[in-house]
Amino acid sequence: QVQLVESGGGLVQAGGSLRLSCAAAGRTFSKHAMAWFRQAPGEEREFVAGMTWITGNPYNADIVKGRFTISRDNAKNTVYLQMNSLQPEDTAVYYCAARDSGAVYTRPPLYDYWGQGTQVTVSS
């Protein structure tokens, strides 16, 4: 059984930074695509960043380019989202997701596994 467990959320002031972690367990993710999504109250879940595990090539949404960075640690089977220059509009629940195939997509229904989410709140 695949498990994705996020951590690292919290409250931060505008301009601050946080690093989210997604620990993956249950199988080897070398052929998977991993991604971070977020969902603010009353909004649809939106793509933030993704990567194919085998290449490590990142794909970032325009809204976070230059501020957020996705990365992975193969030894720890963990994916990270480094978030810098956070703004109040970044406030949301952040979710880690994985696909069984290696392509990164921006649509949530195309992902097979989800974590429980971690709250990020940015105060002004």
Side-chain angles (χ1 to χ4, degrees):
Q1 185 176 356
V2 174
Q3 283 189 315
L4 303 175
V5 180
E6 302 100 331
S7 60
L11 174 64
V12 64
Q13 288 188 333
S17 299
L18 284 173
R19 188 177 79 157
L20 305 182
S21 299
C22 172
R27 66 176 59 182
T28 301
F29 286 84
S30 61
K31 297 182 179 180
H32 288 62
M34 307 293 295
W36 288 95
F37 289 79
R38 70 186 185 186
Q39 188 167 19
E43 302 290 332
E44 292 186 351
R45 193 167 296 189
E46 65 177 352
F47 175 82
V48 174
M51 69 190 310
T52 54
W53 194 283
I54 193 168
T55 67
N57 291 332
Y59 302 88
N60 294 327
D62 288 342
I63 54 174
V64 301
K65 273 183 180 177
R67 299 190 300 127
F68 293 8
T69 303
I70 186 172
S71 63
R72 75 190 188 302
D73 184 325
N74 288 340
K76 296 182 179 180
N77 227 27
T78 299
V79 175
Y80 302 98
L81 184 68
Q82 178 67 44
M83 305 186 295
N84 299 327
S85 302
L86 283 161
Q87 299 302 316
E89 52 266 33
D90 294 316
T91 295
V93 177
Y94 284 71
Y95 296 91
C96 177
R99 297 188 69 239
D100 281 329
S101 66
V104 175
Y105 288 90
T106 62
R107 293 178 56 209
L110 297 178
Y111 285 78
D112 302 296
Y113 312 103
W114 291 87
Q116 82 287 353
T118 185
Q119 176 71 46
V120 171
T121 303
V122 185
S123 62
S124 58

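Predicted model only: the values in this text are computed from it and were never measured.
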Practice item. Can you measure from CG (N84) to CZ (R67) and round to the nearest 0.5 angstrom? Key: 9.0 Å
Revision key, fill the gap. Rounded to the nearest 0.5 angstrom, the CD1-CZ distance for I54 and R72 is 9.0 Å
Check your understanding: Please walk me through it: do T91 and Q119 pass side chain to side chain contact (heavy atoms under 4.5 Å, CB included)?
Key -> CA-CA 8 Å; T91 295; Q119 176 71 46; 4.0 Å; yes
**Study point:** Steps toward side chain to side chain contact (heavy atoms under 4.5 Å, CB included) verdict (T69, Y80)
**Key:** CA-CA 8 Å; T69 303; Y80 302 98; over 6 Å; no
Which atom pair, heavy atoms only, marks the closest approach of [X] to [Y]?
| X | Y | result |
| --- | --- | --- |
| R38 | I63 | NH2-CD1, 3.2 Å |
| L86 | M83 | CD2-CB, 3.8 Å |
| Q87 | G15 | NE2-N, 4.1 Å |
| P58 | I70 | CB-CG2, 3.6 Å |
| T118 | G9 | OG1-N, 3.2 Å |
| S17 | S85 | OG-N, 4.3 Å |

Do [X] and [Y] sit in one hydrophobic cluster, given that two such residues count as connected whenever their side-chain heavy atoms are within less than 4.5 Å of each other, even indirectly?
| X | Y | answer |
| --- | --- | --- |
| W114 | L110 | yes |
| Y113 | M51 | yes |
| L20 | V48 | yes |

Would you please name every residue forming a side-chain contact (heavy atoms from CB on, under 4.5 Å) with [X], sequence neighbours left out?
| X | answer |
| --- | --- |
| S123 | L11, Q13 |
| N77 | A24, F29, W53 |
| S124 | P88 |

Practice item. Please step through side chain to side chain contact (heavy atoms under 4.5 Å, CB included) for the pair Y94 and E6, ending with a clear verdict. Key: CA-CA 8 Å; Y94 284 71; E6 302 100 331; over 6 Å; no
Check your understanding: When Y111 is tested against each of F37, F47, Y105 for ring-ring contact (aromatic ring centres under 6.0 Å, His included), which residue passes?
Key -> F37
Review point. Do the non-hydrogen side-chain atoms of M34 and L4 ever get within less than 4.5 Å of each other?
Key: yes
Review point. Would you call C96 and W36 a side-chain contact if the rule is heavy atoms closer than 4.5 Å?
Key: yes
Check your understanding: Under the criterion side-chain contact (heavy atoms from CB on, under 4.5 Å), which of V122, T121, D90, V120 is the partner of L18?
Key -> V120
Practice item. Just do the side chain to side chain contact (heavy atoms under 4.5 Å, CB included) check on D100 and H32 with the steps written out, would you? Key: CA-CA 5 Å; D100 281 329; H32 288 62; 3.1 Å; yes
